[in-house]
Amino acid sequence: MSMPTLCPSPPAVSALIVNYNTAVLTGNSVSSLRAQTVRNPVSGAEGVEVIVVDNASRPDERCILGGLDAVVVFNDENRGYGAALNQALARARGEFLLFSNADTWYFPDALQTLLDHLQLLPRCGAVGPRLWWDLEREFLLPPSDPVTPVSFLRDILVRRSPFWLRYWAKRWRRLALAYWCAREPMEQPLLSGACLLTRRDVVAVCGGFDERFHLYYEDTDWCRRVRSKGYRLYYAPEAEVAHLYNQSARQATEAARQAAAASVEHYFRKHYGAWPWKVVSWVTTRVWSRTFQADITEDYVDLGRLTAPPSCSAPEKERKLYLLQLSPQPSCLPAIARFLAAPQFTLSERVWKQLAEGEFFAKLLSLPDLQLQGQWRWRKEKTKTAEPRP
């Protein structure tokens with residue numbers, strides 16, 4: 001008499017990752033997820049299953065993926081980010097679903113903290129962590145800004161008018177500072193798709209990802225649909241995750257930029273209609289290139305072309321805390337941020353290596369008044385870089 005085959009119990013969480021020529025980063029992310037201890041106190045389900053979908057990466061990349069402690073699905077063509085996530089979703093057995101970028105690293109207890117908040121927060125449809133830009137936890141990533149016709153037109157005004165730049169920069173910094181300083185969960189209009197934890201019943205109601213978004217805006221669209229069904233999105237700062245954004249973005253190509261342009265058009269047409277998109281598109285095309293950025297950059301202290309991390313300082317008038325903002329945009333909108341105990345900073349070697357080649361702008365502000373203490377610019381020269389390892 002043969003014994004019936006027993007199916008293993010579903011894990012507490014299914015982590016879903018899409019890989020495209022980022023196998024080393026994906027492997028590091030999988031390792032950090034495997035180190036997480038997760039248990040659903042309600043059902044008793046434990047553990048994390050990891051499902052990686054590869055979107056037709058190079059052969060050498062696929063060889064690396066073959067050794068991962070994960071379920072790996074290989075696509076013969078690049079189906080797009082949203083479609084690949086839906087593939088992983090179809091295979092997931094977990095009670096909870098984690099949508100995670102390949103360039104993420106989970107610090108201890110991050111996943112359990114997210115799961116606990118997801119179950120306890122009122123009407124919670126999804127929850128996201130505090131996102132660091134680097135593994136040393138020096139720089140914090142900013143909150144995600146909602147994408148609307150007003151936000152697009154506002155960005156154009158900011159680029160065209162010094163008055164609107166000063167007005168919006170002050171308002172944005174206040175909002176970002178509250179986000180960065182938060183110690184308790186905060187409701188948000190939008191969460192970063194780099195790391196989203198949700199429940200199966202939420203996906204059943206709201207659906208998976210719109211596969212017409214080949215790259216970018218699929219998470220913005222999904223968050224919008226979740227909120228439209230009456231759910232809330234929360235930021236849980238006690239859970240900490242690194243999103244090594246510039247490492248995966250290094251391989252950005254013209255094709256990726258074209259895909260992003262197509263996605264933003266689809267997003268506007270889907271949620272606002274054809275005419276609002278035509279207005280936004282016309283204004284962007286006609287006005288976007290006419291900027292006063294030269295006037296902004298003239299206010300910066302130019303450090304020139306650098307091949308090593310800069311060290312900068314400003315006079316210390318009285319004992320205060322300081323906020324350092326770093327961005328490729330002269331407006332520093334948006335920017336990553338770091339808190340300092342003195343008006344001086346030196347970028348670490350690891351942070352420096354993570355920066356892509358190109359121009360960067362840094363602003364040093366005093367707290368809590370957010371008064372400008374100093375600002376610098378430099379161009380990072382091309383240097384040989386290596387993938388970060390935890």
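In this chain, numbering begins with 1 at the start of the sequence shown. For clarity, every value in this text was computed on a predicted model and none was experimentally measured.
The salt bridge (Lys or Arg N to Asp or Glu O under 4.0 Å) test applied to E46 returns R39, not counting sequence neighbours. Under the rule for a side-chain hydrogen bond (donor to acceptor under 3.5 Å, both in side chains), D134 has no partner lying at least two apart in sequence or in another chain. With sequence neighbours left out, the side-chain hydrogen bond (donor to acceptor under 3.5 Å, both in side chains) criterion links N78 to N55. Residues passing the salt bridge (Lys or Arg N to Asp or Glu O under 4.0 Å) test with R269 are E265, sequence neighbours excluded. Scored by the side chain to side chain contact (heavy atoms under 4.5 Å, CB included) test, V150 finds T148 as partners (sequence neighbours excluded). Taking the side-chain hydrogen bond (donor to acceptor under 3.5 Å, both in side chains) definition, one finds that R305 meets it with E381, sequence neighbours left out. Under the rule for a ring-ring contact (aromatic ring centres under 6.0 Å, His included), H214 has no partner lying at least two apart in sequence or in another chain. Judged as a salt bridge (Lys or Arg N to Asp or Glu O under 4.0 Å), and not counting sequence neighbours, D109 has no contacts.
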Donor-acceptor contacts under 3.5 Å from residues 196-205 side chains, at least two apart:
unit_1	atom_1	unit_2	atom_2	d
T198	OG1	G125	O	2.6
R199	NE	D201	OD1	2.9
R199	NH1	C124	O	2.7
R199	NH2	D201	OD2	3.1
R200	NE	G94	O	2.6
R200	NH2	A92	O	2.4
R200	NH2	G94	O	3.4

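Under the salt bridge (Lys or Arg N to Asp or Glu O under 4.0 Å) criterion, the residue pairs touching residues 226-245 are R137-E240, with sequence neighbours excluded. Pairs passing the salt bridge (Lys or Arg N to Asp or Glu O under 4.0 Å) check and including a residue from residues 78-89, sequence neighbours excluded, read R79-E211. Counting only residues at least two apart or in different chains, side-chain hydrogen bond (donor to acceptor under 3.5 Å, both in side chains) contacts with residues 179-191 are absent.
With respect to D210 and R225, no salt bridge is recorded, no charged nitrogen being found less than 4.0 Å from a carboxylate O.
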